[in-house]
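Structure first, then comments.
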Amino acid sequence: MSEQMKKYETPLLDELEKGQWPSFVKEIKAAAEWNPMANDLLGLLERSYREKIGHWKHGGIVGVMGYGGGVIGRYTDLPEEFPHVSHFHTMRINQPAGWFYTAEALRTLADIWDRHGSGLTNFHGSTGDIIFLGTRTEELEPTFEELTQAGFDLGGSGSDIRTPSCCCGMARCEWACYDTMKLTYFLTQHYQDEIHRPAFPYKFKIKCSGCPNDCVASVARADFSIIGTWRDEIQIDQEMVREYAKNGVDINKEIVALCPGKCIEWDGNTLKIDNSSCRHCMHCINVMPKALAPGKDRGAAILLGSKAPIVEGAILSSVIVPFVKLDDEDSYNDIVELIDAILEPWIEEGKNRERIGEFVQRVGLGNFLEAIGLDPQPEMIKHPRTNPYVFYENYLEEE
Amino acid sequence: MPIFEWNEIKIEVDEDGFMANPEEWNERVALALASTEGVTELTPDHWKVINYLRDYYKQYGIAPMIRKLCKETGFTLKQIYDLFPSGPAKGACKVAGLAKPTGCV
């Protein structure tokens with residue numbers, strides 16, 4: 001670091017420092033003051049903005065001994081001009097469940113990365129992991145060594161079980177219908193082999209949300225989404241409902257009319273919910289958090305198959321288990337059993353880079369359910385209430 | 001591209017250490033490349049994996065999926081990692097002189 005660092009002119013990046021929000025440019029510049037990798041990153045990025053073209057090559061295979069995942073190789077295609085980012089590998093580090101850190105733990109992580117990499121991080125990547133941005137191949141093992149000394153481990157990458165992640169659950173939130181952090185920890189420990197040593201057709205993501213608000217967006221971003229829910233009745237404090245009305249909440253407009261199940265009535269005095277038609281969307285609870293709460297018989301629904309648009313189109317997860325209690329080790333083991341059953345036919349028959357959601361679409365839900373030993377249930381229908389082939393008894397009775 | 005040297009071997013490799021010209025591969029080259037992946041000796045078990053990878057690659061032009069590699073060689077994934085500590089993609093494929101498998105998205 002003693003050599004004189006090249007100073008880059010960055011008129012285009014400077015534009016991104018204007019305005020009232022924090023800027024990634026400001027952070028890169030701060031690191032570039034002393035770190036040659038961050039300095040060359042700044043120069044390379046300015047170049048990319050000027051030429052309107054990215055200067056990273058695709059892929060790269062690097063890692064640490066014993067693991068097949070956790071590091072994503074990155075190289076610039078301009079190594080002669082920007083030698084300090086000729087290697088700029090990304091390391092994924094398994095985050096603690098719910099992303100809780102002491103200030104000391106953060107300092108430890110930052111110090112490790114200042115010693116071995118660019119000093120730049122993402123807290124956190126969209127997988128949930130801590131992301132260390134940019135280092136050289138020869139720094140990978142020493143970084144890994146220091147991380148393990150500090151009690152951290154690499155996360156998943158490539159065609160493996162990706163680092164499971166969850167919302168802050170019972171640690172911070174009254175809506176949590178099960179202990180997301182405990183289950184996430186359990187699954188992370190159980191699947192260490194599958195997280196570190198890729199062996200699947202493609203990635204497999206597990207995300208745990210404590211309630212249908214789904215703060216980790218598991219319905220859109222996890223192959224296996226575990227979303228907290230309840231199967232009894234929404235708890236109502238009528239006194240508090242009236243209080244909300246008195247303080248200006250237009251209950252008919254803001255709640256009754258927006259209820260997707262059309263199952264709420266408000267007569268100005270009492271709120272009535274027909275729970276049999278409730279879709280557990282959380283809207284009424286979110287609007288009047290002091291008056292309403294999820295029921296007391298809590299657990300989770302399990303959904304399968306979501307993915308981002310890469311390769312095939314985007315898919316949302318859909319229900320595979322409508323309700324499961326998650327309150328002891330036995331129930332956790334049942335989840336593991338289900339995951340294993342789901343992985344088996346996909347590992348066996350899945351095509352290269354085919355996600356589980358695409359696999360289910362290809363083989364058909366019926367065949368897939370048979371392979372994993374689950375019975376079909378009405379809740380698995382994607383749009384149960386609008387499907388013309390479903391006839392409800394009370395519908396027929398009205399005729 | 002960088003030049004990798006080991007004893008009498010001198011070959012061109014890419015930034016990940018994979019061979020730039022896979023047709024230059026021979027058994028001495030395999031041993032040379034193995035030295036970069038934490039493998040000091042190539043046992044018959046190593047060769048079983050290497051030969052399978054090379055045969056598959058010759059036939060299909062890509063590396064096999066890992067499940068297939070395990071099934072066809074009879075090794076568990078753990079055994080593959082015992083043989084090639086940096087794993088089947090980075091370790092075994094490199095030693096077998098295959099073109100670099102595509103990256104992760």
Side-chain angles (χ1 to χ4, degrees), chain A residues 56-77 79 86-90 92 127 136-138 140-141 156-160 162 192-194 196-203 307-311 343-355, chain B residues 1-2 4 13-20 22 33-40 49 53 56-57 60-105:
Chain A
W56 299 108
K57 295 204 239 177
H58 179 75
I61 292 199
V62 284
V64 298
M65 289 295 173
Y67 284 11
V71 186
I72 297 113
R74 289 280 106 171
Y75 301 95
T76 176
D77 61 4
S86 58
H87 298 200
F88 204 69
H89 309 319
T90 301
R92 291 211 180 111
T127 1
R136 301 190 58 78
T137 303
E138 59 271 21
L140 295 173
E141 290 287 353
S157 74
S159 299
D160 60 8
R162 297 298 181 82
Q192 278 297 297
D193 232 21
E194 289 79 359
H196 297 308
R197 285 171 271 280
F200 298 159
Y202 206 4
K203 59 185 125 181
K307 60 176 286 293
I310 300 175
V311 189
L343 292 176
E344 200 186 300
W346 175 58
I347 292 172
E348 210 51 46
E349 309 286 342
K351 293 182 189 170
N352 196 22
R353 302 187 89 209
E354 180 178 48
R355 296 282 284 273
Chain B
M1 279 205 186
F4 168 65
V13 293
D14 71 4
E15 58 275 85
D16 286 329
F18 281 74
M19 293 180 75
L33 291 168
S35 71
T36 67
E37 296 300 318
V39 182
T40 46
V49 173
L53 286 172
Y56 189 98
Y57 185 69
Y60 300 103
I62 52 165
M65 284 169 72
I66 287 166
R67 159 181 55 89
K68 200 159 171 59
L69 169 69
C70 292
K71 209 184 240 175
E72 300 289 328
T73 57
F75 294 122
T76 63
L77 189 57
K78 190 182 174 305
Q79 286 170 317
I80 303 267
Y81 273 88
D82 287 342
L83 292 169
F84 298 96
S86 52
K90 177 172 182 280
C93 285
K94 180 188 289 181
V95 175
L98 270 59
K100 187 160 64 184
T102 48
C104 119
V105 171

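Lettering of chains follows the sequences in order, A, B, ..., and the numbering in each one begins at 1. Atoms considered below: every heavy atom in the structure, side chains included; atoms not considered: hydrogens, waters and symmetry mates.
Seen from the ring of A/F200, B/R67 does not count as a face-on cation partner, given the 6.0 Å and 45° thresholds.
Between A/H87 and A/Y75, the two ring planes are perpendicular [angle over 60°; tilted spans 30° to 60°].
Contacts between A/P79 and chain B at a heavy-atom distance below 4.5 Å are absent for every atom of the residue. Only the side chain of B/K71 comes within contact range of chain A, judged by heavy atoms closer than 4.5 Å. At a 4.5 Å heavy-atom cutoff, the contact between B/F18 and chain A is made by side-chain atoms alone.
Side-chain rings of A/F88 and A/W56 approach one another, their centers coming within less than 6.0 Å.
Counting heavy-atom pairs closer than 4.5 Å to chain A, the top residue among B/C93, B/P85, B/C70, B/G87 is B/P85.
Salt bridge A/K203/A/D160: absent, no basic N to carboxylate O contact under 4.0 Å.
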